[in-house]
Amino acid sequence: MAEKKVILVTGGTGLIGEAIKTIVEREGRKPNEEWVFVSSKEADLANKEQTKALFAKYKPTHVIHLAAMVGGLFRNLKYNLDFLRTNIQINDNVLQTAFEHNVKKVVSCLSTCIFPDKTTYPIDETMIHNGPPHSSNFGYSYAKRLIDVQNRGYHQQHGCHFTAVIPTNVFGPHDNFNLEDGHVLPGLIHKVYESKKNGTPFVIWGTGSPRRQFIYSLDLARLFLWVLREYQEIDPIILSVGEEDEVSIKEAADMVIEAMDFKGEVVMDTTKSDGQFKKTASNAKLMKLNPDFKFTPIKQALKETVDWFVKNYDIARK
Ligand code: NAP
Ligand code: GDP
């Protein structure tokens with residue numbers, strides 16, 4: 001019989017954690033796997049003792065490490081120091097405790113927004129440390145970059161199999177739909193919802209010209225399972241749709257308008273920041289290792305997300 005695995009998912013109640021739970025329940029559970037999804041209520045991972053108690057309780061053999069202080073552009077702009085300190089603490093506690101518990105594999109989560117601001121395109125996995133990140137989110141970025149440094153350190157000094165994935169902008173059910181703190185797609189969905197309800201204009205922040213690659217959380221969840229089971233490297237891997245699937249913020253907003261059948265006035269507020277212009281990433285490594293993977297078309301994924309938000313409006317994070 002296959003060896004028993006206990007897979008601990010930190011940040012298990014967030015956008016990506018909930019998506020992994022959905023995919024595991026729908027199609028991914030193997031008989032020898034036990035899955036544990038935890039939130040900050042069970043343990044504050046910025047606290048060393050609580051982190052140790054969590055690992056002592058579940059004795060994981062594998063960890064998907066998602067827990068982090070997370071936010072969209074406008075939250076990052078306000079709290080760079082908090083993003084840096086909190087995420088350094090969480091990551092150091094989780095990785096060191098995983099090492100102490102002899103965890104066989106840890107898959108942590110970086111982001112394409114941590115790459116150098118001044119770079120050539122497309123960005124690939126080798127470029128993470130090649131220059132300063134965009135000034136809007138330097139705290140989050142340096143904390144995330146250190147995960148990659150730690151992974152190499154744990155491997156070099158102790159032979160650990162700690163690795164990381166690098167997703168682009170994620171969206172889907174269970175996202176944070178908060179207007180100030182969340183990412184762009186959940187923010188736009190929530191704003192259109194309010195505009196429809198109140199008969200007010202729909203306001204898009206910035207010029208609408210920045211460009212982003214969006215990945216559906218359920219697609220990302222399937223890729224997380226593949227990385228956990230199949231990916232052998234310590235070096236990270238970008239999990240993204242193709243470069244040709246990049247869209248402008250204005251195009252993304254138009255897709256939200258279509259998905260929500262909004263007929264009202266649309267306004268651009270160009271006094272608001274655009275953030276990083278683009279961070280176009282290559283998914284060549286992913287497609288070489290996992291050539292059959294199919295992404296959900298963005299319009300279908302957006303429609304499913306909008307339907308989830310409207311149906312779960314009362315309980316959605318906002
Ligand atoms: P999210 O929806 O905001 O969820 C964050 C999760 O982390 C929640 O389960 C939260 O628990 C937990 N958490 C936060 N602080 C914690 C603490 N001190 N102790 C324990 N748990 C804590 O975030 P997400 O979008 O799913 O992001 C998951 C990971 O993906 C993060 O590492 C993020 O940096 C990365 N990522 C996200 C995106 C994106 O576009 N969303 C893109 C690239 C990478 P509670 O529910 O109790 O608060
Ligand atoms: P980023 O991809 O890390 O920069 O973070 P976001 O997901 O917050 O996307 C920010 C981009 O979307 C910027 O170009 C913003 O100007 C633009 N944007 C337009 N409307 C909104 C909105 O309502 N919320 C957010 N977060 N960004 C918006």
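Not measured: the values here are computed from a predicted model. Start at 1 and go down the list; that is how both ligands and their atoms are numbered.
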Nearest non-hydrogen protein atom, [atom]:
| atom | answer |
| --- | --- |
| atom 13 (C) of ligand 2 | Asp274 O, 3.2 Å |
| atom 11 (C) of ligand 2 | Ile249 CD1, 3.9 Å |
| atom 4 (O) of ligand 2 | Arg212 NH2, 2.9 Å |
| atom 19 (C) of ligand 2 | Trp205 O, 3.0 Å |
| atom 10 (C) of ligand 2 | Leu73 CB, 3.9 Å |
| atom 23 (O) of ligand 2 | Lys191 NZ, 2.7 Å |
| atom 16 (O) of ligand 2 | Ser273 O, 2.6 Å |

With a 4.0 angstrom cut-off on heavy atoms, strictly below it, pick out the residues next to ligand 1 and order them by chain and number.
Gly11, Gly12, Thr13, Gly14, Leu15, Ile16, Ser39, Ser40, Lys41, Ala43, Asp44, Leu45, Leu66, Ala67, Ala68, Val70, Ile90, Cys109, Leu110, Ser111, Tyr140, Lys144, Pro167, Thr168, Asn169, Val170, His183, Arg317
Is it true that, when you exclude Phe262 itself, more than 12 heavy atoms of the residues, nucleotides or ligands shown sit nearer than 6.0 Å to its CZ?
yes
List for me each residue that meets ring-ring contact (aromatic ring centres under 6.0 Å, His included) alongside His174, sequence neighbours excluded, and say none if there are none.
Trp308
Which residues satisfy the salt bridge (Lys or Arg N to Asp or Glu O under 4.0 Å) test with Lys250, sequence neighbours excluded?
Asp254
Sub-3.5 Å N/O-N/O distance, Gln276 and ligand 2
no
Applying the 4.5 Å side-chain criterion to the ILVMFWY set and letting contacts propagate, would Leu225 and Tyr231 be lumped into a single cluster?
yes
Atom indices of ligand 2 within 4.0 angstrom of [X] heavy atoms, with elements:
| X | value |
| --- | --- |
| Pro210 | 14 (O) |
| Phe74 | 25 (C), 26 (N), 27 (N) |
| Asn169 | 2 (O), 7 (O) |

Does ligand 2 have any atom that is closer than 4.0 Å to a heavy atom of Lys279?
yes
Pairwise side-chain contact, Ile114 with Ile166, heavy-atom cut-off 4.5 Å (strictly under):
no
Taking the six-membered ring where the residue is Trp, are the ring centres of His183 and Phe171 under 6.0 Å apart?
no
Judged on heavy-atom distance to atom 26 (N) of ligand 2, which of Gly72, Gly206, Ala253, Gly182 sits nearest?
Gly182
Quick one: which of Ile204, Val184, Asp181 has a heavy atom closest to atom 18 (N) of ligand 2?
Val184
Taking heavy atoms and a distance under 4.0 Å, where does Leu185 meet ligand 2: side chain, backbone, both or neither?
neither
Salt bridge or not between [X] and [Y]? Use side-chain N to carboxylate O under 4.0 Å.
| X | Y | result |
| --- | --- | --- |
| Lys21 | Glu18 | yes |
| Lys285 | Glu125 | no |
| Asp148 | Arg145 | no |

Review item, side-chain donor-acceptor pairs of residues 153-160, under 3.5 Å, at least two apart:
| from | atom 1 | to | atom 2 | distance (Å) |
| --- | --- | --- | --- | --- |
| Tyr154 | OH | Gln96 | N | 3.4 |
| Tyr154 | OH | Gln96 | OE1 | 2.7 |
| His155 | ND1 | Cys160 | O | 3.1 |

I would like to know whether Glu33 and Arg229 meet salt bridge (Lys or Arg N to Asp or Glu O under 4.0 Å); could you show each step before the answer?
CA-CA 11 Å; Glu33 289 175 356; Arg229 291 170 183 153; 3.0 Å; yes
Determine whether Phe74 and Trp205 satisfy the following criterion, ring-ring contact (aromatic ring centres under 6.0 Å, His included), listing intermediate values before the conclusion.
CA-CA 10 Å; Phe74 297 93; Trp205 291 342; 4.9 Å; yes
After noting the C-alpha distance and the side-chain angles of Lys279 and Asn169, does the key distance pass the side-chain contact (heavy atoms from CB on, under 4.5 Å) rule?
CA-CA 10 Å; Lys279 38 193 176 176; Asn169 289 54; 3.3 Å; yes
